[in-house]
Amino acid sequence: DINAFSEHDNPGGLLNSPPIAFPSLRTLVIRTVKQNGIESMNTTGVILDHISGPALRCLLLRISFALEMPWPHLARNLARTRPPLEELSMMGMCIAENEFIDILKEAPSLRSLQACVRLSEAGAAALTLNSITSAVADSLIANETKVITTGLCPKLTSLDIPISVPCPPT
């Protein structure tokens, strides 16, 4: 159990300490049980800002909050700890597209992704590999040419983005 407090509740405590390291942690599940969504998002953000899991492969976030708000905590955590994250699930919360893309930039090993996010055409394109025209693809296949492509999630094998996202329209 990790007890986290808001800045108001804990001046000089957890918020001013170095990150708590969990060097062998492979799976982290954070579930909020409070009904106050903003407080749950803030508390989860504090936890992510103050833990380090360099071996983390699976991160499951379950937060009941349907409003989109600035939330850079996960991208910062991934940038700081550089875990080999393969599975990420962020359900019950709504991530802004730009922050969602920032998260994906820090998780190149991602194989499975589940998230509530309203993606624009550019956001959806960021998930995919670089596109090529069908004529070029046919030519490459005919010549048995190996194609090296890049994208934010080149290893992605499972994607779950609900169509009926709880985010209010922008």
Side-chain angles (χ1 to χ4, degrees), residues 1-119 123 126-129 150-162 165-167:
D1 288 339
I2 297 175
N3 291 317
F5 304 94
S6 68
E7 290 181 25
H8 175 71
D9 294 335
N10 191 26
L14 174 65
L15 300 176
N16 295 324
S17 62
I20 301 166
F22 295 96
S24 300
L25 186 68
R26 292 190 175 277
T27 300
L28 175 61
V29 179
I30 299 176
R31 269 188 213 100
T32 61
V33 292
K34 293 184 177 184
Q35 295 298 320
N36 182 342
I38 293 175
E39 184 178 324
S40 296
M41 291 287 285
N42 290 338
T43 300
T44 302
V46 168
I47 291 169
L48 291 172
D49 283 343
H50 293 90
I51 64 170
S52 173
L56 194 64
R57 295 191 178 278
C58 176
L59 177 59
L60 308 174
L61 301 174
R62 300 290 185 262
I63 301 171
S64 296
F65 190 58
L67 295 177
E68 193 175 283
M69 62 181 268
W71 202 71
H73 308 282
L74 181 54
R76 278 196 311 237
N77 178 284
L78 296 175
R80 179 173 37 86
T81 61
R82 299 273 182 223
L85 194 64
E86 295 178 349
E87 181 180 350
L88 175 61
S89 177
M90 302 179 294
M91 297 306 292
M93 57 196 280
C94 207
I95 299 292
E97 182 179 59
N98 62 325
E99 291 173 345
F100 178 70
I101 291 173
D102 288 344
I103 291 166
L104 298 183
K105 287 177 183 176
E106 301 299 337
S109 303
L110 214 53
R111 295 182 184 280
S112 176
L113 175 62
Q114 183 181 37
C116 289
V117 62
R118 189 180 6 330
L119 289 176
L127 279 173
T128 63
L129 299 175
T150 59
L152 289 179
C153 300
K155 297 179 180 181
L156 199 62
T157 59
S158 174
L159 178 62
D160 180 0
I161 297 179
V165 177
C167 302

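What you see below is based on every heavy atom in this structure, not just the backbone, and it leaves out hydrogens, waters and symmetry mates. Keep in mind it's a predicted model, so treat the numbers as computed, not measured.
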* Where P84 and P54 come nearest, the two heavy atoms and their spacing -> CD-O, 3.2 Å
* Nearest heavy-atom neighbours spanning C116 and G92 -> SG-N, 4.1 Å
* Asked: Can you check side-chain contact (heavy atoms from CB on, under 4.5 Å) on F22 and T81, steps first, answer last?
  -> CA-CA 11 Å; F22 295 96; T81 61; over 6 Å; no
* **Shortest non-hydrogen contact between E87 and L60, atoms and distance** => OE2-CD2, 3.9 Å
* To do: Show the numbers, then the answer: is there a side-chain contact (heavy atoms from CB on, under 4.5 Å) between L85 and L78?
  => CA-CA 9 Å; L85 194 64; L78 296 175; 4.0 Å; yes
* Going from CE on M41 to CD1 on I95, what distance comes out if it is rounded to the nearest 0.5 angstrom? -> 5.0 Å
* Nearest 0.5 Å please: distance from the CH2 atom of W71 over to the CD1 atom of I63. => 5.0 Å
* Asked: What's the spacing between D102 CG and L152 CG if we round to 0.5 Å?
  -> 9.5 Å
* **Criterion side-chain contact (heavy atoms from CB on, under 4.5 Å) on L113 and F100, from CA distance to verdict** => CA-CA 11 Å; L113 175 62; F100 178 70; 3.7 Å; yes
* Asked: Hey, are the side chains of T27 and R57 touching, using non-hydrogen atoms and a 4.5 Å cut-off?
  -> no
* Validation row: M93, T44 side chains within 4.5 angstrom (heavy atoms) -> no
* side chain to side chain donor-acceptor pair (under 3.5 Å) contacts in which one or both residues fall within residues 90-101, not counting sequence neighbours -> E97-S120
* Straight-line distance of E86 CD to L56 CG, nearest 0.5 Å -> 10.0 Å
* Asked: Would a distance-only check, ignoring hydrogens and angles, find a side-chain to backbone donor-acceptor pair under 3.5 Å from R82 to E106?
  -> no
* Output yes when a side-chain donor or acceptor of R76 lies under 3.5 Å from a complementary backbone atom of L48, and no otherwise. => no
* Structure fact -> Closest heavy-atom pair, P19 versus I51, reported as atoms and distance to 0.1 Å, is CB-C, 4.4 Å
* What's the spacing between C153 SG and L104 CG if we round to 0.5 Å? -> 4.5 Å
* Walk me through it: do L59 and L74 pass the test side-chain contact (heavy atoms from CB on, under 4.5 Å)? => CA-CA 10 Å; L59 177 59; L74 181 54; 3.4 Å; yes
* To do: Indicate the atoms forming the closest heavy-atom contact of S89 with Q114, along with that distance.
  => OG-OE1, 2.6 Å
* Spacing of CG belonging to N77 relative to OG belonging to S52, to within rounding of 0.5 Å -> 7.0 Å
